[in-house]
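What you are looking at is a predicted structure, and each value in this text was computed from that prediction instead of being measured.
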2 protein chains.
Amino acid sequence: MSVKYAMLGLLHYRDMHGYRIKQHMEQHFGNLWSINYGQIYPNLKKMEEEGLVTKKEVVRSGAPTRKLYSITPAGREAFAEWLLSDPHGTMLLRDPFLLRFVFFGFGTRERALQLVDEQIRLYETHLAKRRENMRRWHRQGVYVRQMGELGLLLNETILEWLKQSRREIARSRGEEVLRAERMNLPLES
Amino acid sequence: MSVKYAMLGLLHYRDMHGYRIKQHMEQHFGNLWSINYGQIYPNLKKMEEEGLVTKKEVVRSGAPTRKLYSITPAGREAFAEWLLSDPHGTMLLRDPFLLRFVFFGFGTRERALQLVDEQIRLYETHLAKRRENMRRWHRQGVYVRQMGELGLLLNETILEWLKQSRREIARSRGEEVLRAERMNLPLES
DNA sequence: CCTCTCATGTAAGACGTTACATGATTCA
DNA sequence: TGAATCATGTAACGTCTTACATGAGAGG
């Protein structure tokens, strides 16, 4: 359960409430991580029960009440142990566009171009945001900055790849259509 | 449930059994996807019940019996619908090393270097394999080849980033240790 | 002899997403 | 007036991983 340790890590910097934790994970770690409340709130509750964090309610007038969590010595210990442990398992990538992409030969070229164009626009937007964020990351220490750098590099790589793919697809004269007769062909063992 | 559609996609090329499906996904799609039997076998069973595939047992002497699955017209239809549908949601990346990396400031520099070196070795191995596979992918049509190209590009990008990070970490004179006093510091809102 | 590859599967549990419910404030 | 942001949470559902069970052949 890595979400738990990521939260304990963030609480080393400062006390936080659930909503803020989400923001930090999504904005500070190269814009590479996502998380949702369905994980955050139940996990905070559980960690409180386990004595890894403590809760303090902060009532504010004219604003929603916050539940500020602080890390305990037991929490620091659990985090330290995790941090030193061997990260096993490799990088996992999942992307609904990419999974379709590999099968685009079974659809039309027009649709393929359409979807690739959408992705290009998407990654251009992301890139602009990441470049803006880079300034912020620069002030956050070596590791946070490096993570930001990675997010940027990956974004640039994917964008270039998308553009290259687009050119190739446009060039190819594929009459590929979703018809049974054209299938059951290559793919080596 | 994207696994289901990925399997239907593969069955367009040829009839396959569960074990082979796993191999194909992991080897043909840029070495970017992973899947395990806990997903494959139950899904094949379910898809058979839904009439998307049919099963044929192939008994072989001196070798385990295979259960060959073929896609049905209903399966092709379901796949076609999915392929044309909008891929919603963005790329998701998860990596146990990367998640620790961002918190390396709370550990020792030595351990950080050690783990980075391990990753460098890992990605160098992957890179060699991907370069070998590239020849095979070249014969598999535009999209499979492009996916292989992406896997390669991402691998190269990460490897370069790891090496750059290593240099920076080695250069930095961090006396960061897991002690409470050194924490609760930066990280902007 | 031992490990790897081939081959199929199940069960339990961990993990993650989606949809819902609630309600105030700020900004256009 | 309507949308966005702030803020907390739950329940149901899906998905994925891990561990287990079984067994044969190939190659070192």
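- Where A/P42 and A/R66 each meet DNA chain D at their nearest nucleotide, the meeting point lying more 5' is that of A/R66.
- Outside the 6.0 Å centre-distance limit, the rings of A/Y123 and A/W161 are not counted as a close aromatic pair.
- In this structure, A/Q23 does not reach the D/dA7 phosphate: none of its side-chain N or O atoms is under 4.0 Å from OP1 or OP2.
- Annotation: of the two residues near DNA chain C, B/Y37 and B/R94, the 5′-most nearest-nucleotide partner is B/Y37.
- Distance OH (A/Y5) to C1' (C/dA14): 13 Å, rounded to an integer number of Å.
- Comparing B/P64 and B/H88 by the nucleotide of DNA chain C whose heavy atom lies nearest to each, the residue mapping closer to the 5' end is B/P64.
- Close to C/dA24, at under 4.0 Å from its OP1 or OP2, lies no side-chain N or O of A/R60.
- Taking a 6.0 Å sphere around CZ of B/R60, one finds it holds more than 12 heavy atoms contributed by other residues, nucleotides or ligands.
- Side-chain atoms of A/V3 lie closest to C/dG16 of the nucleotides C/dT10, C/dG16, C/dT5.
- Ring centroids of A/F106 and B/Y13 are separated by less than 6.0 Å, placing the two rings close together.
- Here C/dG16 presents its P atom at 5 Å from CD of A/Q39, a figure rounded to the nearest Å.
- At least one cation-pi condition fails for B/K56 and B/Y69: the charged atom is not both under 6.0 angstrom from the six-membered ring centre and inside a 45 degree cone around its axis.
- The interatomic distance linking A/K67 (NZ) with D/dA7 (P) rounds to 14 Å, in whole Å.
- At D/dT8, none of the side-chain N or O atoms of A/Y19 fall inside 4.0 Å of OP1 or OP2 (strictly under the cut-off).
- In this structure, B/I40 atom CD1 and D/dT17 atom P are separated by 11 Å, rounded to whole Å.
- Counting to the nearest Å, the P atom of C/dT8 and the OH atom of B/Y41 are 4 Å from each other.
- Less than 6.0 angstrom separates the ring centroid of B/F103 from the ring centroid of A/F79.
- Taking atom CD on A/E57 and atom P on D/dA7, their separation rounds to 14 Å, with Å as the unit.
- Whole-Å rounding puts the B/I21 CD1 to C/dA7 P distance at 13 Å.
- Between A/N36 atom CG and D/dA7 atom C1' the separation is 16 Å, expressed in whole Å.
- Phosphate proximity of D/dT8 to A/K45: absent, as no side-chain N or O sits under 4.0 Å from OP1 or OP2.
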